[in-house]
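The next block holds one structure in the form of structure tokens; read it before the comments.
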Number of protein chains: 2
Amino acid sequence: MTVEHRTSSELSATGKVVLGMLAFGKHTGYEIKQFVDKSTRHFWAASYGQIYPELRRFTVQGLVRSRSEPSGRRARTVFELTEDGERLLTSWLESTEAPLIELRHEGMLKLFFSDAGTAAKLDHVRAIRAGHERKLEALLAVEPQARQAPDSGPYLTLSLGLRFNQCIVDWCLATERRLAGEEG
Amino acid sequence: MTVEHRTSSELSATGKVVLGMLAFGKHTGYEIKQFVDKSTRHFWAASYGQIYPELRRFTVQGLVRSRSEPSGRRARTVFELTEDGERLLTSWLESTEAPLIELRHEGMLKLFFSDAGTAAKLDHVRAIRAGHERKLEALLAVEPQARQAPDSGPYLTLSLGLRFNQCIVDWCLATERRLAGEEG
DNA sequence: AGGTGCATGTAACAGGTTACATGATTAA
DNA sequence: TTAATCATGTAACCTGTTACATGCACCT
């Protein structure tokens, strides 16, 4: 029986965020999910259906330690990283492979195919803008103080998120003006 | 036996791009995949493993017509939209539900958790920039004339893609300068 | 007494990737 | 002749979402 060397490339998407959140100080599946939903959600989502099984797998693999810490009579399982878990997390954070970028953007797809439909390009662009305006609102709602964007890890990504959503909104506005001008 | 009214919300991700590509003038599974890879790939990818089964499902559902059109002795199945297929495509293009936006961005996730590792934030930001510079190159390589960005559907999305990747690169550069200044 | 939030989980399903297999054609 | 490209497809696997089920605790 060989103990295989675990590398960060074996981590699933949910695994990565779970490991990170444990180091971040979130200790139960519930806490992890809640915090993901108000932090990384916009660029890295996760669901209970993945988080809980992943925590169990990590326990079996010795990457986390779990103990039961009920609050009152309510069951509650608390997790923390083992040294192996910490090692795996750092090795992932330090790996230099090209980081994954995956996008699914329905508005852009519709715009791409707009000639096959009857809706004007202008409408597709407006719909794209609305989507990103919603994103901006959501980002600002969670952390209103983000406007100052200090350089701690969490705030840096927030500032990046604000910037690039704003960039798309600006592009839409400019394009809308141009398209409206051509029609009017 | 009731013929159910098909709505665009029943379309899978791959279904949407397949339908659109058929209207766009791509008629075989192979052509669709090739063209996706040099057009929508950056915001909507698809694989053979989904495209071929989807084409068969569409045939069964009467959304496309298929006929065998071998080129020489090499097998080749050509597909085209039926009226039902066209209707479904337009109804999707005209649907006003908030269009899906999904992002998986590993660089941002690493930056978010950077305090748990030993790598400097500066390195994470540089890695993010490298990723988006690659995207820019890929976009320009396929359509060098995109710099002029006319307003046809395909070029509009290309222009948007260029803009927002450029925006992230700029943010990275500014942030790198700031982080380097704090360290030096 | 009832609603909201805390907390844990599973089953069914959907969606998608990867690797593999096959074979013809064409250009070097 | 060999590599690349055209062309089609499947099986195994992985990943992930949704909906459901359960029950405690706290506040009003």
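Scope of the values below: all heavy atoms of this structure, side chains included, with no hydrogens, waters or symmetry mates. Chain letters run A, B, ... following the sequence lines, proteins first, then strands; residues in each count from 1.
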Can [X] and [Y] be counted as an ion pair, charged N to O under 4.0 angstrom?
| X | Y | result |
| --- | --- | --- |
| B:Glu69 | B:Arg67 | yes |
| B:Lys135 | B:Glu133 | no |
| B:Glu137 | B:Arg134 | no |
| B:Arg163 | A:Asp170 | no |

- Query: Which part of the nucleic acid does B:Gly29 contact within heavy-atom distance under 4.0 Å: base, sugar-phosphate only, or nothing?
  - Reply: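 Sugar-phosphate contact only - B:Gly29 comes under 4.0 Å of backbone atoms but never of a base.
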With heavy atoms under 4.0 Å as the rule, sort B:Ala45 into base, sugar-phosphate or nothing.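 No contact at all - B:Ala45 keeps every heavy atom at 4.0 Å or more from the nucleic acid.
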Let me know the distance between [atom1] of [X] and [atom2] of [N], rounded to the nearest Å.
| X | N | atom1 | atom2 | result |
| --- | --- | --- | --- | --- |
| A:Tyr52 | D:dT22 | OH | P | 17 Å |
| A:Glu102 | D:dC14 | CD | P | 17 Å |
| A:Arg56 | D:dT15 | CZ | P | 16 Å |
| B:Glu69 | D:dA7 | CD | P | 11 Å |
| A:Asp37 | D:dT18 | CG | P | 11 Å |

Any idea how B:Phe112 and A:Phe35 line up, ring-wise: parallel (<30°), tilted (30 to 60°), or perpendicular (>60°)?
->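 Because their plane-to-plane angle lies in the 30° to 60° range, the rings of B:Phe112 and A:Phe35 count as tilted.
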If you compare every side-chain N and O of [X] against the phosphate oxygens of [N] (OP1, OP2), does one of them come in below 4.0 Å?
| X | N | result |
| --- | --- | --- |
| A:Thr14 | D:dT15 | no |
| B:Tyr30 | D:dC6 | yes |
| A:Gln50 | D:dT15 | no |

Along DNA chain D (nearest heavy atom to each residue), the more 5'-positioned of B:Phe79 and B:Gln34:
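It is B:Gln34 whose nearest nucleotide is closer to the 5' end.
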**Item:** Closest-nucleotide ordering on DNA chain D, the 5'-leading residue of B:Ala75 and A:Trp44
**Value:**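 Closest to the 5' end, via its nearest nucleotide, is B:Ala75.
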TODO: Would you mind reporting whether B:His105 and A:Thr157 have side-chain heavy atoms less than 4.5 Å apart?
DONE: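 The answer is no, as the side chains (C-beta and beyond) never meet within the 4.5 Å cut-off.
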A side-chain contact here means heavy atoms from C-beta on lying under 4.5 Å apart; do A:Glu106 and B:Phe43 qualify?
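Side chain of A:Glu106 against side chain of B:Phe43, heavy atoms only: no contact under 4.5 Å found.
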**Asked** Going 5' to 3' along DNA chain C, which nucleotides are the first and last within contact of chain B (any atom under 4.0 Å from a heavy atom)?
**Response**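 The contacted stretch runs from C:dG15 to C:dT25.
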ask   = Is there a donor in the side chain of A:Lys110 and an acceptor in the side chain of B:Ser95, or the other way round, less than 3.5 Å apart?
value =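 Side-chain D/A pair, A:Lys110 to B:Ser95: present.
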(request) For the helix from C:dA1-D:dT28 to C:dA28-D:dT1, figure out the bend between the end axes, five pairs an end, and round to 10 degrees. (result)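 End-to-end axis angle for the helix from C:dA1-D:dT28 to C:dA28-D:dT1: 30°, rounded to 10°.
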Enumerate the residues from residues 20-28 of chain A whose closest heavy atom to DNA chain D is under 4.0 Å, giving them by residue number; use none for an empty result.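 Correct list: empty, so none.
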Per the side chain to side chain contact (heavy atoms under 4.5 Å, CB included) rule, which among B:Leu81, B:Leu88, B:Val18, B:Thr82 passes with B:Phe58?
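The passing option is B:Val18.
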*asked:* Return the CG to OH distance between B:Leu111 and A:Tyr155, rounded to the nearest 0.5 Å.
replied: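 Nearest 0.5 Å value for the CG-OH distance: 14.0 Å.
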